[in-house]
Amino acid sequence: MPPTVNAWAEGDPLEVAPRLLGAVLTHGGVSVRLTEVEAYAGPDDPGSHAFRGRTPRNEVMFGPPGRLYVYFVYGMHHCANLVTGPEGEPGAVLLRAGEVVGGLDTARVRRPGSTDRDLARGPARLCRALGIDLAANATAPDLTAGEPPREVSTGPRVGLRHAAERPWRFWSTGDPTVSTYRPAAPRRPAGR
DNA sequence: AATATGATGCGCT
DNA sequence: GCGCATCATATTT
């Protein structure tokens, strides 16, 4: 197995992110070709889980590059990041969407009712399709090189309340499996 | 098609 | 206790 994962992961998340597009991630019998990712930097990035320092949950982000940082949100969803280097410096790339290129039957079972296009279209859907949960946290992913996209687009990140305007989202231009942009949920309309 | 809202639990202050 | 790197469903155009 080529140790290429660490080579890709090592470095600034802003450089690693576009590099990951087209790579194939395999987990739980399903393979996904990444079409959309998002970079998260360390202490200087208010959108990063590591912004407020090291905690038990984000600990993996401070470790060596090339591992998965999986977290649980909204009481029901998992999201997966690839930790970027260097060690001690928290950085990661959120795996936002992809195209299922292997284990289609398994992915369909995990995401009943979904069209093939939507199987891994979104960070939580991607985890669901691949069977990724907290058990995969801090493990080294099976990630191999793939065909890079013809064209890469960049834009603002999705679903953040802070620093969402930074153009740190990268996707394969025109790919149908890229998730649709949705602005951060507005805060409750003034409670009363 | 577009927008609104409920679900649901953990991490952090 | 509040807020969340979300998604599915219901409701309205």
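We name chains A, B, ... by the order of the sequence lines, and we start the count at 1 in each one. Only this structure's heavy atoms are used, side chains among them; waters, hydrogens and symmetry mates stay out.
- Residue A:Trp171 is found in a hydrophobic cluster whose other members, listed by chain and number, are A:Val178; membership requires side-chain heavy atoms under 4.5 Å apart, directly or through intermediates.
- Side-chain contact between A:Arg110 and A:Val30 is present, with at least one heavy-atom pair separated by less than 4.5 Å.
- Taking 4.5 Å as the limit, every side-chain heavy atom of A:Leu94 sits out of range of all side-chain heavy atoms of A:Val37.
- The shortest heavy-atom contact between A:Ala17 and A:Ala39 is CB-CB, 4.2 Å.
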Test side-chain contact (heavy atoms from CB on, under 4.5 Å) applied to A:His49 and A:Asn81, step by step: CA-CA 11 Å; A:His49 283 178; A:Asn81 300 251; over 6 Å; no

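- Rounded to an integer number of Å, the gap from OH of A:Tyr71 to C1' of C:dG3 is 14 Å.
- Atom C1' of nucleotide C:dC7 and atom NE2 of A:His78 are separated by 14 Å, given to the nearest angstrom.
- One cannot find a donor-acceptor pair under 3.5 Å joining the base of B:dA7 and the side-chain atoms of A:Tyr74.
- Scanning for side chain to side chain donor-acceptor pair (under 3.5 Å) contacts around A:Arg121 gives A:Asp118, with sequence neighbours left out.
- Note: NE2 (A:His77) to P (B:dC10) measures 15 Å, nearest angstrom.
- For A:Phe72, the ring-ring contact (aromatic ring centres under 6.0 Å, His included) partners are A:His78, not counting sequence neighbours.
- Side-chain contact between A:Val100 and A:Arg108 is absent, with no heavy-atom pair separated by less than 4.5 Å.
- Residues A:Val73 and A:Leu160 share a single hydrophobic cluster, defined by chaining ILVMFWY side chains whose heavy atoms lie under 4.5 Å apart.
- Within residues 121-131 of chain A, the residues having any heavy atom closer than 4.0 Å to DNA chain C are, in order of number, A:Gly122, A:Pro123, A:Ala124, A:Arg125.
- Listed in residue order, the members of residues 92-107 of chain A having a heavy atom less than 4.0 Å from DNA chain C are A:Leu94, A:Arg96.
- Identified under the salt bridge (charged side-chain N to carboxylate O under 4.0 Å, His left out) test for residues 81-93 of chain A, with sequence neighbours left out: none.
- Remark: A:Tyr40 engages no residue in a ring-ring contact (aromatic ring centres under 6.0 Å, His included) (not counting sequence neighbours).
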Could you provide the dot-bracket string of DNA chain C, using ( ) for intrastrand pairs, [ ] for crossing pairs and | for bases paired to another strand, with Watson-Crick or G-U pairs below 3.5 Å? ||||.|||||||.

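- The distance from atom NE2 of A:His162 to atom C1' of C:dC2 is 13 Å, rounded to the nearest whole Å.
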Could you go through the side-chain contact (heavy atoms from CB on, under 4.5 Å) check for A:Leu82 and A:Leu143 one step at a time? CA-CA 10 Å; A:Leu82 182 69; A:Leu143 188 63; 4.1 Å; yes

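- In this structure, A:Tyr40 counts as stacked on the base of C:dA5 under the 5.5 Å centre distance and 30° plane angle limits.
- The side chain of A:Met76 lies closest to B:dA7, out of B:dA7, C:dT6, C:dC7.
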Step by step, work out the salt bridge (Lys or Arg N to Asp or Glu O under 4.0 Å) result for A:Arg157 and A:Asp45. CA-CA 12 Å; A:Arg157 294 129 123 196; A:Asp45 181 4; 2.4 Å; yes

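- The side chain to side chain donor-acceptor pair (under 3.5 Å) pairs that include a residue from residues 132-141 of chain A number zero, where partners must be two or more places apart or lie in different chains.
- When the ring-ring contact (aromatic ring centres under 6.0 Å, His included) test is applied to A:His27, no partner is found at least two apart in sequence or on another chain.
- Of the residues in residues 15-26 of chain A, not one comes within less than 4.0 Å of DNA chain C through any heavy atom.
- Using modelled atom types and a 3.5 Å distance limit, the side chains of A:Ser172 and A:Glu36 yield no donor-acceptor pair.
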Taking only nitrogen or oxygen atoms into account, show me every contact under 3.5 Å that the protein makes with nucleotides 11-13 of chain B, one pair per line with its distance.
| unit_1 | atom_1 | unit_2 | atom_2 | d |
| --- | --- | --- | --- | --- |
| B:dC12 | OP1 | A:Thr55 | OG1 | 2.2 |

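- Proximity of A:Arg169 to the phosphate of C:dA5: no side-chain N or O atom is located under 4.0 Å from OP1 or OP2.
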